Protein chains: 2
Amino acid sequence: MARNRRPQPKAEKRAELVAVARELFLEEGYEATSVSRVAKGASVAPNTVYWYFEDKDALFIAVLDELFAEDLAAYAEVAGASLAEQAFWLVGRLRRVRGLVATVHARVRVSPAIAAWHDRLHATIDAVIAHQLPGPVDPGVLAVESTIASFTVEGLITHDVPDDEARPVCDALAARLLSLARPG
Amino acid sequence: MARNRRPQPKAEKRAELVAVARELFLEEGYEATSVSRVAKGASVAPNTVYWYFEDKDALFIAVLDELFAEDLAAYAEVAGASLAEQAFWLVGRLRRVRGLVATVHARVRVSPAIAAWHDRLHATIDAVIAHQLPGPVDPGVLAVESTIASFTVEGLITHDVPDDEARPVCDALAARLLSLARPG
DNA sequence: GTCGTTCTTGAACGGCGAGCAAGACCGCAG
DNA sequence: CTGCGGTCTTGCTCGCCGTTCAAGAACGAC
């Protein structure tokens, strides 16, 4: 029905809260960022946040969704490049969310919502990897190598491995994956 | 000097606190375990914990040290087995500390002490891997493959991959590492 | 017995995530 | 213009958190 709808501001205020939270989460980390500070950044009382989001985790997920959507869109730029370049690009790209990766893993055990988000993320990654391989690959082998690749990339990010060390790792991962499609 | 030293109880009480904290950290997670609960479990006032440990992170590190020492001792059992079996054993062994792995990574950014502990851990792991390879290996290549192996194992743990999926991943990792020493 | 060290504690601090009830704001129906 | 009901905001409050501090109890050395 929506008998009483304000012109716009609901979505806008929500977006503003997400923007402030995103900035703080990335800059200071999830735990170090209090709901109060997010509220203050959006010029709002602390409780107001809880009208837009069920809890702090929901706010976190909104930020993750925004970041992930951006990454997925940006991925189009390199979708045609070599696998090694794609992996290396991904590592560089995800470096900005370094702290958040560890937070997601820590909160997966505690928040079902974040666990669901995390599962979706990895499913997407696996699908992208499978789609990038030329020709059909034995599903079992693909699962193994896809696991190795995504976990390794995750490790490169969370451990903040510098570019010059990450590059050869990405090359090795790509070589590994490509050798699946051309057995020999 | 030590002009006034009680018979033993200092180390004992400390050990008791570590034991209680270990139980709770493993069972409920780091964040969900309050210092008060640890104190209560050791029949002590909450502040007493701060006489034995500088802060909650120091208590955490004490627990990590204990767990790691046990794992290292237990490793002797499988040090002679194949690399694949070693990796698989490690995954199973570390499964009990699943939640703590994510916590360590999350707190590395915030606690220098935990960052130092984490660095030491990975250095040890790399050394063990290098020691397990037969014959000399090109250092650059070894670093790459060692990185892939340890990050993958870490991923298998944090993502709670079941045994039947982890096994072939371990096999693939071991095969990869062994092919380094026997080029061809 | 007294002194200094080793422990333990009660009380307090600021801040946290969150819940609740009151109310302000607003568009619409009468 | 008035009142109603949904939309949004807030002040207040709760219980808990990690941590600090000063006071004091227990104890060994002299």
Side-chain angles (χ1 to χ4, degrees), chain A residues 1-18 20-21 24-25 27-63 103-104 106-107 109-114, chain B residues 1-18 20-22 24-25 27-64 103-104 106-107 109-114:
Chain A
M1 284 297 175
R3 302 228 295 109
N4 185 8
R5 182 70 64 82
R6 250 83 153 200
Q8 289 294 345
K10 162 98 186 225
E12 284 175 18
K13 201 68 189 174
R14 196 192 131 103
E16 190 184 346
L17 284 167
V18 171
V20 173
L24 289 173
F25 285 162
E27 201 73 22
E28 324 254 3
Y30 177 81
E31 294 178 35
T33 300
S34 72
V35 175
S36 302
R37 286 185 62 193
V38 175
K40 187 169 295 180
S43 307
V44 159
N47 344 352
T48 300
V49 176
Y50 289 90
W51 192 84
Y52 291 93
F53 303 94
E54 190 179 349
D55 53 20
K56 196 184 176 186
D57 279 318
L59 175 60
F60 186 39
I61 289 176
V63 171
T103 303
V104 167
R107 298 205 66 73
R109 306 191 77 204
V110 130
S111 160
I114 290 188
Chain B
M1 284 292 176
R3 304 229 295 107
N4 185 6
R5 182 70 64 81
R6 248 84 151 199
Q8 287 294 344
K10 161 100 186 226
E12 284 176 17
K13 201 68 188 176
R14 196 192 131 104
E16 190 182 346
L17 284 167
V18 171
V20 173
R22 165 187 173 149
L24 289 173
F25 285 162
E27 201 74 21
E28 325 253 4
Y30 178 81
E31 294 178 36
T33 300
S34 71
V35 174
S36 301
R37 285 185 63 195
V38 174
K40 187 168 294 180
S43 307
V44 159
N47 359 357
T48 302
V49 176
Y50 288 87
W51 191 85
Y52 292 92
F53 302 94
E54 191 179 350
D55 53 20
K56 196 184 175 187
D57 279 318
L59 175 59
F60 187 39
I61 290 177
V63 171
L64 293 176
T103 301
V104 167
R107 297 205 66 74
R109 305 191 76 203
V110 129
S111 159
I114 290 188

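Keep in mind that what you see is a predicted model, and the values were worked out from it rather than measured.
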Atom [atom1] of [X] and atom [atom2] of [N]: how far apart are they, to the nearest Å?
{"X": "A:Glu31", "N": "D:dC16", "atom1": "CD", "atom2": "C1'", "value": "16 Å"}
{"X": "B:Lys40", "N": "D:dC17", "atom1": "NZ", "atom2": "C1'", "value": "13 Å"}
{"X": "B:Lys13", "N": "C:dT8", "atom1": "NZ", "atom2": "P", "value": "7 Å"}
{"X": "A:Trp51", "N": "D:dG6", "atom1": "CH2", "atom2": "C1'", "value": "10 Å"}
{"X": "A:Phe60", "N": "C:dA18", "atom1": "CZ", "atom2": "P", "value": "14 Å"}
{"X": "A:Arg14", "N": "D:dC8", "atom1": "CZ", "atom2": "C1'", "value": "15 Å"}
{"X": "B:Leu17", "N": "C:dT8", "atom1": "CG", "atom2": "C1'", "value": "12 Å"}
{"X": "A:Leu24", "N": "C:dC16", "atom1": "CG", "atom2": "P", "value": "12 Å"}

Looking at [Y], is its backbone amide N or carbonyl O close enough to the side chain of [X] to form a donor-acceptor pair, meaning the two atoms are under 3.5 Å apart?
{"X": "A:Lys40", "Y": "A:Pro46", "answer": "no"}
{"X": "A:Lys13", "Y": "A:Val44", "answer": "no"}
{"X": "B:Lys56", "Y": "B:Ser34", "answer": "no"}

Decide yes or no for B:Phe60 and B:Val104: does some side-chain heavy atom of the first lie under 4.5 Å from some side-chain heavy atom of the second? yes
Counting side-chain heavy atoms from CB outward, which of [options] is closest to [X]?
{"X": "A:Val35", "options": "C:dG17, D:dG18, C:dT9", "result": "C:dG17"}
{"X": "B:Thr48", "options": "C:dC7, C:dT8, D:dT9", "result": "C:dT8"}
{"X": "A:Tyr52", "options": "D:dC8, C:dT9, D:dT19", "result": "D:dC8"}

May I ask you to verify if any side-chain N or O of B:Tyr50 is less than 4.0 angstrom from the OP1 or OP2 atom of D:dC21?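 Answer is no, no contact under 4.0 Å.
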For B:Phe53, which contact category applies under a 4.0 Å heavy-atom criterion: base, sugar-phosphate, or nothing?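 Counting heavy atoms under 4.0 Å across all strands, no contact is made by B:Phe53.
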Could you tell me whether B:Ser43 contacts a base, only the sugar-phosphate backbone, or nothing, with contacts defined as non-hydrogen atoms closer than 4.0 Å?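 Nothing, no heavy atom under 4.0 Å.
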Qualifying residue, where the test is side-chain contact (heavy atoms from CB on, under 4.5 Å) with B:Phe25 and the options are B:Leu64, B:Thr103, B:Thr33: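 Among the candidates, only B:Thr33 passes.
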